[in-house]
Amino acid sequence: MEFTAQQIADFLHGTVFGNPSASVGDISKIEEGKPGTLTFLSNPKYTPHIYSTEASIVLVNNDFEPEGEIKATLIKVENAYNALASLLNLVEQSKPQKRGIDSLAAISPSAKIGEFAYVGAYAVIGDNVQIGDGAKIYPQAYIGDNVKIGDNVSIYAGAKIYQDCVIGNNVTIHSGTVVGADGFGFAPDDKGVYHKIPQIGNVLIEDDVEIGANSCIDRATMGSTIIRRGVKIDNLIQIAHNVEVGKNTVIAAQSGIAGSTKIGEGCVLGGQVGVSGHLHIADGSKFGAQSGVQSSVKIPNQALQGSPVFSYMGFMKSTSIFQKLPELQKKINELEKEIERLKIKD
Amino acid sequence: MEFTAQQIADFLHGTVFGNPSASVGDISKIEEGKPGTLTFLSNPKYTPHIYSTEASIVLVNNDFEPEGEIKATLIKVENAYNALASLLNLVEQSKPQKRGIDSLAAISPSAKIGEFAYVGAYAVIGDNVQIGDGAKIYPQAYIGDNVKIGDNVSIYAGAKIYQDCVIGNNVTIHSGTVVGADGFGFAPDDKGVYHKIPQIGNVLIEDDVEIGANSCIDRATMGSTIIRRGVKIDNLIQIAHNVEVGKNTVIAAQSGIAGSTKIGEGCVLGGQVGVSGHLHIADGSKFGAQSGVQSSVKIPNQALQGSPVFSYMGFMKSTSIFQKLPELQKKINELEKEIERLKIKD
Amino acid sequence: MEFTAQQIADFLHGTVFGNPSASVGDISKIEEGKPGTLTFLSNPKYTPHIYSTEASIVLVNNDFEPEGEIKATLIKVENAYNALASLLNLVEQSKPQKRGIDSLAAISPSAKIGEFAYVGAYAVIGDNVQIGDGAKIYPQAYIGDNVKIGDNVSIYAGAKIYQDCVIGNNVTIHSGTVVGADGFGFAPDDKGVYHKIPQIGNVLIEDDVEIGANSCIDRATMGSTIIRRGVKIDNLIQIAHNVEVGKNTVIAAQSGIAGSTKIGEGCVLGGQVGVSGHLHIADGSKFGAQSGVQSSVKIPNQALQGSPVFSYMGFMKSTSIFQKLPELQKKINELEKEIERLKIKD
């Protein structure tokens, strides 16, 4: 299906600069743009590509001013990235949706499954499970006994939800993610032998949460491990028992949060960040990639980095000097000699 | 079911301080304690909560002395955390247990399955597999050809055990964990093309080991990757080919151990620790979170941190100075100027 | 089956030193060598074991000169590690191979499966899937709609390939790995609520790639996330959306590459390395374990380490001084006092 620049601009409440009849049937990246495709420019790193892209239409921010000739037709919008997202949503929604209960799924007679739901082949739905309307349980997923799942939830192929966990509405959980495995709780005896502390709590995931692939969210020892509304969790992330992650917090891949820590609202954790156990992290905290958070953060909205973390600006300065430590050491040795010479003269 | 403080104290060999008839039917966290629940105080960080908790009963250590009024009935025991574990075990054991072979499991005719075992739907049990008495193979688990599994083992939903691996008694393996995938062995040729070294060994897991979710334990190139008795491995952990992890060692989430390294007994690895290949780590070594271990550790029972690791105390001092490196650099520059001035005067 | 030293030397184009009739039926590690087994010496760390090994035959490099008595028969070859690999390949190839379509697999009528392929129990093969000759789809694997898989590919138990992805020939993907889950793309609105950017691209994996267990390769927002020919990816690795990994690059366990970064050819990433998004990494770059790469690398063939990375040699020097920062600080304080004294005298 083809759309003209004018049609797209009308849909996005944008303005055409160039040929309003330029038409496209696909979306591409700016550096790989081909004729007949639409692309976008949002990250300034990619600005040079706009002068060479072969794409027919480029979405740009209203404040974009070309500094050279551009072959493509431009559509100026308030926010090019959001406009692109709207178009991608259109494409996504036009795809065929999975529906119906596959005869090869194993569903307990006591489970209740909502209207317009999908359950794929070799999925297992345990006793007393409740699944909401329009939910999609992809093939080979496992929904343990007594789990409650809200409306319009997607549990992708092979994801595992242990017994007693509760999942809200509009939640997405990707393949390989494990929700509700036992927290890592062991007590050593006098001989150094570790004995298991049973983990009798559960995991509670509120509405509008998305969790990537192969992440782990452990069940609480008692009570609930809680993922609040709107949290976005990437791949290969560890959320330990009794953790609480505040509303609209975003956690990038391979980060881990140790037991009983409470992360505030609107925080951003970069990739491979580690947060120790039993901490409180203030709202709006931002941790750079590979940060190690060893103590509670009380002041909200700080940008922190390092292992252990301190201010982002301080980290940048200190690492820059770290790389020159050999010179610094040499200079100190020279100063020492100078002083010795001065003392002798003295 | 309700129990009185006196009944619980008798079971735990503890002493009641307060109302021996106070009764509870559930267990809670101290900061979320509700009337009719029992909680515990072990980590001193949580002591302030004992003066405000609504829980009816609190387990405390014998040496706990209140510094204010406490509403709850106290039960003093030798070790409050262990006492809690005993109660959690009671709760756990009272839950219904899975039993029997699901008709939707695919079991090779040559496999032998012990008495009172459980095999869930869509589990696959390969040729010549042996599974012990009381073992639980949850739905969608995969047990490759020739695998031997001991008594009372739990393999949770979707865990994968490749062919030829050997698992002892009382072992627990959580969902998504992969035991026995090929070690990462490739040899480059003159052109930089890598050729696979076949991995013909296996993984040997001894008794009483617990492995969390989405961890990986690779099979040996030759011989066995070995996890010794009583080892506890958390989620998302990498154990490479030919590694040996010593008895009662504990490894926290997202840590990784590279090929052929031998970890001693009773070691503790914090989260996100990395250990290089071909090393020997002495018994009782403790590595702080995010440590990088680049060389063998010969002296036992050291606490180490950093990347690369050195003494924990040294690490704490050095990182504290690291955060002030800009000041240190400034001071050195000033000293340099002072010396210049002194030299001129001189 | 037994082979003599002479037979093995003939096969490997090597030379026997010792008893040409010494015979072996198995392969062992040098430090665990038993009579009747063959072992090898390649890593010099293991040289001391050659004087005590009980193995009957040891493969060594042509330039190996014993410095003491060796009981075993030696076979000298150009490259002992490669020679071992040849023997391991022989063993591997002699094992029984899986073949045929299991009646318990769920295969869409529109899927096309090549000759001599294997599809195991509870595998799911979606609509319009194409699978090449000799491919092995192990039990419980998931192949989404429209996926194309080449010849001689192995997809191990429970691996998940989302819809529309393309996999070349001779590719191996181990258990638990997820190919094609949604990239982590969300745009925040004014209220800090994140909205999903649909990910309508796919993953393209070229020939001769091997991917370990529980790794994640996310689908592109638009276009393809690309893994070029001959790339080897270990366990628990994160490859984000729109990344491209160049030919013959090797990535060790638990490393992560953020969105839209391009890694060059022939690079080596150690374990737990993190690479930020939107970077270009030059060919032949080598990153030590736990490195953090925050900016593009323009000069090829550098060895880099640290977080952020700089030259490997510089990192070694700086970390060595880092461990002595308390001494350095003390010295500076002393110099300061000396200068004060000199000034007073002055």
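Throughout, protein chains are lettered first and strands after them, A, B, ... in sequence-line order, and every chain is numbered starting at 1.
Sparse packing is recorded around NZ of C/Lys247, with 12 or fewer heavy atoms of other residues, nucleotides or ligands lying under 6.0 Å away. The neighbour count for C/Lys317 NZ, taken as heavy atoms of other residues, nucleotides or ligands under 6.0 Å away, does not exceed 12.
Of the listed residues (C/Ala121, C/Pro139, C/Ala85), the greatest number of heavy-atom pairs within a distance under 4.5 Å of chain B belongs to C/Pro139. Interface check for chain B: of the options C/Thr172, C/Val91, C/Leu88, the most heavy-atom pairs under 4.5 Å are formed by C/Leu88.
For B/Asp189, no part lies near chain C; criterion is any non-hydrogen pair under 4.5 Å. Only the side chain of B/Ile332 has a heavy atom closer than 4.5 Å to any heavy atom of chain C. With a threshold of 4.5 angstrom between heavy atoms, C/Leu87 does not approach chain B through any atom at all. Looking at C/Ala157, both its backbone and its side chain come within 4.5 Å of chain B, counting heavy atoms on both sides. Heavy atoms closer than 4.5 Å to chain C are found nowhere in B/Val179, neither backbone nor side chain. Of the two parts of C/Glu327, neither the backbone nor the side chain holds a non-hydrogen atom closer than 4.5 Å to a non-hydrogen atom of chain B. Contacts between C/Lys98 and chain B at a heavy-atom distance below 4.5 Å involve the side chain alone, from C-beta outward. Residue contact with chain C, scored on non-hydrogen atoms closer than 4.5 Å, involves the backbone and the side chain of B/Ala106 alike. Heavy-atom distances place the backbone of B/Ala123, and not its side chain, under 4.5 Å from chain C. The part of C/Ile251 that comes within reach of chain B is its backbone (N, CA, C, O), which places non-hydrogen atoms under 4.5 angstrom from that chain. At a 4.5 Å heavy-atom cutoff, the contact between C/Lys45 and chain B is made by side-chain atoms alone. The part of C/Val268 that comes within reach of chain B is its side chain, from C-beta onward, which places non-hydrogen atoms under 4.5 angstrom from that chain. Interface remark: B/Ser175 contributes no atoms to any contact with chain C (heavy atom separation under 4.5 Å). Looking at C/Glu265, neither its backbone nor its side chain comes within 4.5 Å of chain B, counting heavy atoms on both sides.
Note that OH of C/Tyr122 is 6.0 Å distant from CG of B/Leu104, once rounded to the nearest 0.5 Å. Taking CD from C/Glu31 and OG from B/Ser260, the interatomic distance works out to 7.0 Å, rounded to the nearest 0.5 Å.
Annotation: side chain of B/Leu325 is in contact with side chain of C/Leu325 (closest heavy-atom distance under 4.5 Å). Two residues are said to be in side-chain contact when any heavy atoms from C-beta on lie closer than 4.5 Å; B/Phe310 and C/Ser320 fail this criterion. B/Thr319 places a side-chain heavy atom less than 4.5 Å from the side chain of C/Phe322. At least one side-chain heavy atom of B/Asn242 sits under 4.5 Å from a side-chain heavy atom of C/Lys29. Put simply, the side chain of B/Lys196 does not reach to within 4.5 Å of the side chain of C/Glu92, judged on heavy atoms. Proximity of B/Met222 to C/Asp26: side-chain heavy atoms (C-beta onward) are nowhere separated by under 4.5 Å. Looking at heavy atoms from C-beta onward, B/His195 lies out of side-chain contact with C/Asn89 at the 4.5 angstrom threshold. Side-chain contact between C/Gln140 and B/Lys160 is present, with at least one heavy-atom pair separated by less than 4.5 Å.
Just one of C/Leu342, C/Leu335, C/Ile339 meets the side-chain contact (heavy atoms from CB on, under 4.5 Å) condition when paired with B/Glu338; it is C/Ile339.
No side-chain donor-acceptor contact under 3.5 Å links C/Gln323 to the backbone of B/Ser318. Judged by distance alone, the side chain of C/Asn82 and the main-chain N or O of B/Ala187 form no donor-acceptor pair under 3.5 Å. Between the side chain of C/Gln272 and the backbone N or O of B/Val273 there is at least one donor-acceptor pair closer than 3.5 Å.
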*Taking it one step at a time, do B/Tyr142 and C/Tyr138 satisfy ring-ring contact (aromatic ring centres under 6.0 Å, His included)?*
CA-CA 10 Å; B/Tyr142 171 82; C/Tyr138 282 79; 7.3 Å; no

